[in-house]
Amino acid sequence: MLSSQTFSVTPLPTLVFGQGPCLSLSEHIQAMGLHSALIVTDKNLHASGVLAPVIDALRTANIHVDVFDGV
């Protein structure tokens, strides 16, 4: 039974809440020593343009961005 088991996830994920935290995503990526990001979404959300500011912010910070919208 899961409730009697103990487990940990290492490294722990960073969760950031608030208005506009996705625009500082590049800082978290660079802090981990990484240089690329994969955004997983669906076609409608991608086509809506809501991801454009996020993608632009990442690319401005020299983060390579791939978008998979086949979900």
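- Applying the side chain to side chain contact (heavy atoms under 4.5 Å, CB included) rule to H28 yields the partners T14, V16, S24; only residues at least two apart in sequence or on another chain are considered.
- Here A61 pairs with S26, Q30, I63 under the side chain to side chain contact (heavy atoms under 4.5 Å, CB included) rule; sequence neighbours left out.
- Residue pairs meeting the salt bridge (Lys or Arg N to Asp or Glu O under 4.0 Å) criterion with at least one member in residues 15-35, sequence neighbours excluded, do not occur.
- In this structure, V71 is a member of the same hydrophobic cluster as L38, with clusters built from ILVMFWY side-chain heavy atoms closer than 4.5 Å.
- Going from atom CD1 of I39 over to atom CZ of F68 covers 13.5 Å, rounded to the nearest 0.5 Å.
- Within the structure, every pair that satisfies the side-chain hydrogen bond (donor to acceptor under 3.5 Å, both in side chains) test and touches residues 59-68, not counting sequence neighbours, is listed here: H64-D66.
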When the side chains of residues 45-58 are checked against the rest of the protein, which donor-acceptor pairs come out under 3.5 Å, sequence neighbours left out?
from, atom 1, to, atom 2, distance (Å)
H46, ND1, D69, OD2, 3.0
S48, OG, L45, O, 2.7
S48, OG, V50, N, 3.3

